[in-house]
Engineer: 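For reference, the structure I am asking about is given below.
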Amino acid sequence: MDDVEQTLDTAGVTNPHVRDYVRYWANLTRAARVEVVSANDDARLLQESLDAGEIWPAGSGRYYARSYQKDTARSEERTIVATRNPADKGVYNNWRPSSEMKPMLEARMRGACAGKAMYVVPYLMAPPGSPLDPYACGVELTDARTVVLHMIRMSRVGVEYVNNLVDPTTFVRAVHVTGDLESLGQGTADDQRYFLTVADERTILHYGSAYGGNALLGKIAHGLRQAAYDGWTSGTFLAEQFMLIGITDAQTGTTRHICGGFPSASGKTNLAMLLAPGALGDRYRVSFYGDDIAWLWVDPDGVLRAINPEFGVFGVAKDTNERTNPVALEAVAEGTGALFTNVAYNEQSQQVWWEGRTPQPPADATGWRDWKGQLISERAGETDGSWAHANSRFTTTLANVPNIAVDFNSPYGVPIDAIIFGGRTRDREPLIRAIDDLAEGVYDGLTLGAEATFAAEGLEGQLRYDPMSLRPFMSYPEGRYAEHWLRIIGAAKQKPIFAHVNWFQRDPVDDHFLWPGYRDNLRALLWLLQLKDGQVIGRRTPVGVLPALDELDLDGLDIAPADLDRLLSIDVARWQKEMLFREQYLEQFPNLPAEIWQAHRRLAAALDDEAEFEGRG
Ligand code: GTP
Ligand code: SPV
Ligand code: MN
């Protein structure tokens, strides 16, 4: 191996704890050499990746990559949170003792980088100078150059972040080893992969993937799992799978901020990139802060604030087009340095395509290859297979997003006016229902349910609970999580208003989406802010306040009255059934705060009263 010390000296790594950490893992993995990376190495690394055939040009200033065929999404079963304390075991965190898991990961990683470079990627998951800085710094070690290219887009990367730490020991140790992808038994009984967060040691050890959140460790492993654990143990903040936006009203000159969680592949990116519908465009503007992660805390003045710790977008490609998300298309236009993974690629024209990009795939298949690299023209017998993988994605840095907020880099983040939850639910959930009670808001987040999506391995269409949309990233017990939520938000002088939204309700007969969605989703959010300000009063139901029919701004919207009616009504019997499922679900969580059970019982009782009233009426 090259002299590690000399490499670290040349790169200017002065933090002795970082140096020890790099040395330890370089030895253990037997990497051929180490290379310290900063954001300004991007152009050189891109060229090296092009030369090595790891990426291809997708027009000018854009790139294309494929991941291994069995490595296209997060694997929730192989994701584990380990600590020393068995009390950290929750229902969803796949807790194991660290004494058992760490040696297993070390065994897999031992010698696994022989002959390869190990890139040292010092990063910061926060705008620099944020009060949450002590939790934001990490160093990813990775043997995959394409992972480095993604990290440079998704987080702030540079040696200065580790050298300038107030406490030089407080960086997350995030080790990524790809492993021999062709012999890992992905998805079989003999699966060799492990995606481990040793939360009480702030150490992340991921083995057996080079895709997405499995490999870009700043993102969900640090930004969500580790940060959620740190936020809880320090008692200071929440780390959530939330988008974060501002809505500016040109008429009043005010900007309000909304954050909220939808399970993976359920529309966070779309909402964060929302372009106001034509008829409302002169008055309202949505600005983008974040589309996947928010950290929330209450400042010394009692104001609830949030930052997006990320520096880029790792967005779902499928169905992104001029109608659904023109902003995303601009954010990945030529010259942005965007990377596409697992979409279809034309090696002659260097174009990319994915399902939903245009109604039909390119008519002339010449030169087109599917996400596996197979020529479309040679895909005999499987012509119905999709061209792009359903979880294919684009990676682009925040500065490329046309509606990026002017103050997205502000270390103090933005004050939060509203918190929304939403999932893919084909029935029961109305377009929006507002909740102005803290415990009921937290209860609503905890009972968020959604149909499964392609972002995680699993069955599409199956309904499952996903508390606050954090289920795949939960790192400590759910009861404690609820308690922590009540404590953090409870400390805010001005409480945010909560709401549950659903863009995905369908007609029971012909299955069409009742709500046009996308840009028109702004209408529901505007109503929520008006409700908070007392400009509308809504209609109280047992499960929250719904817009009265005349309160939604429908200017320029063409929607069937029957659809609107269904979107704004509550099926009490259906809800009563749901309450029984919720009861069983909540019973799994020990130490669930009494306030949450009280909120549940209040809702159940209100539904029963309503049913009785309807029965009499
Ligand atoms: P992750 O990055 O996986 O956490 O997901 P995300 O929540 O950011 O998902 P994204 O915004 O990329 O949404 C993915 C899917 O939701 C796409 O297939 C979109 O077309 C669909 N979608 C988003 N918004 C709407 C909407 O308002 N209505 C309908 N019908 N579909 C939507
Ligand atoms: C998600 O699956 O929720 C994502 C993509 O945002 S990944 O980073 O791969 O988890
Ligand atoms: Mn996500």
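Sequential numbering from 1 along the given sequence is applied to the chain's residues. Whatever order the structure lists ligands and atoms in, that order sets their numbers, starting from 1. Every value quoted in this text rests on a predicted model; they were computed, and no experiment measured them.
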Engineer: Below 2.8 Å, can you find an N, O or S atom of Ser469 next to the Mn ion (ligand 3)?
Structural biologist: no
Engineer: Between Leu271 and ligand 1, which part of the residue brings a heavy atom under 4.0 Å of the ligand: side chain, backbone, both or neither?
Structural biologist: neither
Engineer: Is the closest basic N to carboxylate O distance between Glu355 and Arg357 below 4.0 Å?
Structural biologist: no
Engineer: Asp417 side chain to Leu529 main-chain N or O, any donor-acceptor pair under 3.5 Å?
Structural biologist: no
Engineer: If you count the atoms of ligand 1 from 1 in the order shown, which ones are under 4.0 Å from a heavy atom of Ala265?
Structural biologist: 1 (P), 3 (O), 4 (O), 5 (O), 6 (P), 7 (O), 9 (O), 13 (O), 14 (C), 15 (C), 16 (O)
Engineer: If you measure from the Lys or Arg side-chain nitrogens to the Asp or Glu carboxylate oxygens, is any gap between Arg566 and Glu429 under 4.0 Å?
Structural biologist: no
Engineer: Under 4.0 angstrom from ligand 1, any heavy atom of Pro263?
Structural biologist: yes
Engineer: Give the atoms of ligand 1, by number and element, whose distance to some non-hydrogen atom of Asp319 is under 4.0 Å.
Structural biologist: 18 (O), 20 (O)
Engineer: Has Met243 got any heavy atom lying under 4.0 angstrom from an atom of ligand 1?
Structural biologist: no
Engineer: Tell me which part of Phe314 gets within contact of ligand 2: side chain, backbone, both or neither, using heavy atoms under 4.0 Å.
Structural biologist: side chain
Engineer: With a 4.0 Å heavy-atom cut-off (strictly under), which part of Arg506 contacts ligand 1: side chain, backbone, both or neither?
Structural biologist: neither
Engineer: What part of Tyr518 sits under 4.0 Å from ligand 1 if we count only heavy atoms: the side chain, the backbone, both or neither?
Structural biologist: both
Engineer: For ligand 1, which is the ligand I care about here, please tell me if Gly267 has any N or O atom under 3.5 Å from one of the ligand's N or O atoms.
Structural biologist: yes
Engineer: Which residue in the set Asp520, Asn521, Asn502 passes side-chain hydrogen bond (donor to acceptor under 3.5 Å, both in side chains) when paired with Trp515?
Structural biologist: Asn521
Engineer: Below 4.0 angstrom, N of the basic side chain to O of the carboxylate: do Asp511 and Arg506 qualify?
Structural biologist: yes
Engineer: When you look for heavy atoms under 4.0 Å from ligand 1, do you find them on the side chain of Ser266, its backbone, both, or neither?
Structural biologist: backbone
Engineer: Judged by modelled atom types alone, do Tyr207 and His176 share a side-chain donor-acceptor pair under 3.5 Å?
Structural biologist: no
Engineer: Can you tell me which portion of His512 lies within the under-4.0 Å heavy-atom range of ligand 1? Options are side chain, backbone, both, or neither.
Structural biologist: neither
Engineer: Looking at the Mn ion (ligand 3), which N/O/S atom of Asp292 is the nearest one?
Structural biologist: OD1
Engineer: I'd like to know if Arg193 pairs up with Asp191 as an ion pair, taking the criterion as any Lys NZ or Arg NE/NH1/NH2 lying under 4.0 Å from an Asp or Glu carboxylate oxygen.
Structural biologist: yes
Engineer: So does Ser475 get a backbone contact from the side chain of Asn93, meaning a donor-acceptor N/O pair under 3.5 Å?
Structural biologist: yes
Engineer: Does anything in residues 211-226 form a salt bridge (Lys or Arg N to Asp or Glu O under 4.0 Å)? List the pairs, not counting sequence neighbours.
Structural biologist: Lys219-Asp292, Lys219-Glu310
Engineer: Tell me whether Asp571 contacts the main-chain N or O of Arg428 through its side chain, where contact means a donor paired with an acceptor under 3.5 Å.
Structural biologist: no
Engineer: What atoms of ligand 1 come within less than 4.0 Å of a heavy atom belonging to Arg424?
Structural biologist: 15 (C), 16 (O), 18 (O), 21 (C)
Engineer: Please check: side-chain N/O of Arg393 versus main-chain N/O of Phe314, any donor-acceptor pairing under 3.5 Å?
Structural biologist: yes
Engineer: Does only the side chain of Thr324 get under 4.0 Å from ligand 1, or the backbone, or both, or neither? Count heavy atoms.
Structural biologist: neither
Engineer: Under a 4.0 angstrom heavy-atom cut-off, which atoms of ligand 1 come close to Gln241?
Structural biologist: 4 (O)
Engineer: Would the Phe237 and Tyr135 ring centres measure less than 6.0 Å apart?
Structural biologist: yes
Engineer: Based purely on interatomic distance, does Gly517 place a nitrogen or oxygen under 3.5 Å from a nitrogen or oxygen of ligand 1?
Structural biologist: no
Engineer: Can you tell me which portion of Phe504 lies within the under-4.0 Å heavy-atom range of ligand 1? Options are side chain, backbone, both, or neither.
Structural biologist: side chain
Engineer: Under 4.0 Å from a heavy atom of Asn521: which atoms of ligand 1 are those, numbered in the order shown and with their elements?
Structural biologist: 27 (O)
